[in-house]
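Letters A, B, ... are given to chains in the order of the sequence lines, protein chains preceding strands, and every chain is numbered from 1. Bear in mind the structure is a predicted one, so any value in this text is a computation, not a measurement.
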Amino acid sequence: MSKDLLEAFREQAELTTPVPGFDLIEAGGRARRRRRYAVMGGAAAFVLAVSGLLAVTSDTDRDVQPAEHPDTSGVTLWPGPTMTTLRAGTYEFAASVGPYSPAVRLTLPPGWNAWHGPNRFEGLGSDVTYDEKVNEHVLSQDPDWYVDLLQLDVRWIAQRGCTMAHVQDRGLPGFVRALTHAPGLEVVQGPTPGTFSGRAAVHVRFKVPSGVPTCLGQLLLQAEDGPIGLGDPGTVHDAWVIDVDGESFLVWASWSPHTPPGEVDALLGIVDSIELHDRG
Amino acid sequence: MDEDSITFGRMQDLEDRVSLRDVFDASYRKLVVQLYAITSNFDEAEDVVQEAFVRAAASGRRFLRVDNHEAWLRTTAIHVHRSRWRKLRNGQRARDRMVAPRDPAALEDHLEIIAALRALPEPQREVIALHYLADLPVHRIADELGVPTGTVKSRLSRGREALALLLTPVEGGVDHV
């Protein structure tokens, strides 16, 4: 009967249909929203310009200016941990990476603070600031949520038994294995192989459970630039381990519990914008 | 919060509902198979279903508030498919008919039913796929396709007859669905 043939076809087809990585779907959704907002933002700016109401950025301290490097390609060098809110745009990184790491470029929307990487927290406005005291004051109010992004050359990863694993020469599989065996990290997604900026990569999402061991003082990673901690229970870490000429490079996006979904989306949108370039 | 709990009128938080990931895990394969039957092209089916999920991801919480996520995705995928064909128009369609659509190697034992579905006019393929592969009753098919129930019944009846005729040599006699 045709019905039996259709049923048999359905059964076999559903079993054998390949499934793409869900992170590709999420990335597609974020890209779609960014284009939508870019069109809306462009339209709004046009309206404001025509009406003569274009806002001027506030300048609370004339002596402290962001370290902008005029660059005909439209890329600004990352100013370092200035604790100031940056203009939207594309930035090139040297922070948190070693001298042989690839150059990292990423694109920020408005309202992101300059630390070792871009971060945002509750209470931070969207206006560009030039005085670190402004954003430090907001941070001192114990914000309810916090998101940040780091790009890391990792040397050591904490392991169970209060030890540290040296991962610099382990390659992608060894690095991922060490990361997924770090105490205080619970794998919630992946490891999923893929590519990142055209290079082989593995994506893993972790969550920090309650009751993590404290023998290493909640240290998780020792990077070229310094130690990186676990964060509070409930913190989510989204890790991209990227193969760069046989060594592993880590893009580490984190958000605390209670972070609004829109802020998480914006953070992951910045991750999507990352490009790695060989240093000249 | 499980499905049996009593809310006493409290609106469910979005965190209590399924996530897009849950819908993806439960429905992606089913939807690709349904759209494969409708479009007769496996690559096209994968494309339009992935496009539907990307649109769902882009719409964020609005998608999660929908009552029937799978129906939303299926309808979106069908609209994407129809929209593409409208843009391509007849010239491209004629060229595409000259290139055999890709059928997955894993389904080589089902080529007769795939060929039979492909031979049906698309309106009949749609209702056959939604009735037999998505297990939808007539009134739900009518809702999703935006056509009267009488039209669905008519297309279903003609589609069944056509399939029976097309599959007669395989089944060794006149057959009825």
Open item on the list: Atom CD of residue position A:Glu11 - does it have more than 12 heavy atoms of other residues, nucleotides or ligands inside 6.0 Å?
Closed with: no
- [ ] Could you tell me which non-hydrogen atom of B:Ala57 sits nearest to which non-hydrogen atom of A:Gly29, and how far apart they are?
- [x] CB-CA, 3.8 Å
Task: Toward chain A, the part of B:Leu133 with a non-hydrogen atom under 4.5 Å - done: both
Task: Portion of B:Ala52 that has a non-hydrogen atom of chain A nearer than 4.5 angstrom - done: neither
TODO: Find the distance between CD (A:Glu14) and CD (B:Gln34) and round it off to the nearest 0.5 Å.
DONE: 7.0 Å
Open item on the list: Please rank A:Thr16, A:Ile25, A:Leu24 by heavy-atom pairs under 4.5 Å with chain B and give me the top one.
Closed with: A:Ile25
TODO: Could you pull out the closest heavy-atom pair between B:Gln50 and A:Pro20, with the gap in Å?
DONE: NE2-CG, 3.8 Å
TODO: State, with a plain yes or no, whether a side-chain heavy atom of A:Pro18 is found less than 4.5 Å away from one of B:Glu46.
DONE: yes
Task: Per-residue contact mode, B:Glu51 against chain A (heavy atom under 4.5 angstrom) - done: side chain
Task: Shortest non-hydrogen contact from B:Asp135 toward A:Arg10 - done: OD2-NH1, 3.0 Å
Task: Contact summary for B:Leu107 and A:Gln12, nearest pair of heavy atoms - done: CD2-CG, 3.5 Å
Open item on the list: Surrounding CZ of A:Arg177 (heavy atoms of other residues, nucleotides or ligands, distance under 6.0 Å), is the total greater than 12?
Closed with: no
Open item on the list: Counting only non-hydrogen atoms closer than 4.5 Å, does B:Tyr28 touch chain A with its backbone (N, CA, C, O), its side chain (CB onward), both, or neither?
Closed with: side chain
Task: Chi angles and distances behind the side-chain contact (heavy atoms from CB on, under 4.5 Å) call for B:Leu20, A:Phe22 - done: CA-CA 9 Å; B:Leu20 178 60; A:Phe22 182 68; 3.9 Å; yes
Open item on the list: When you compare the side chain of B:Val32 with that of A:Val19, does any pair of heavy atoms fall below 4.5 Å?
Closed with: no
Task: Side-chain heavy atoms of B:Leu163 within contact of A:Leu6, under 4.5 Å - done: yes
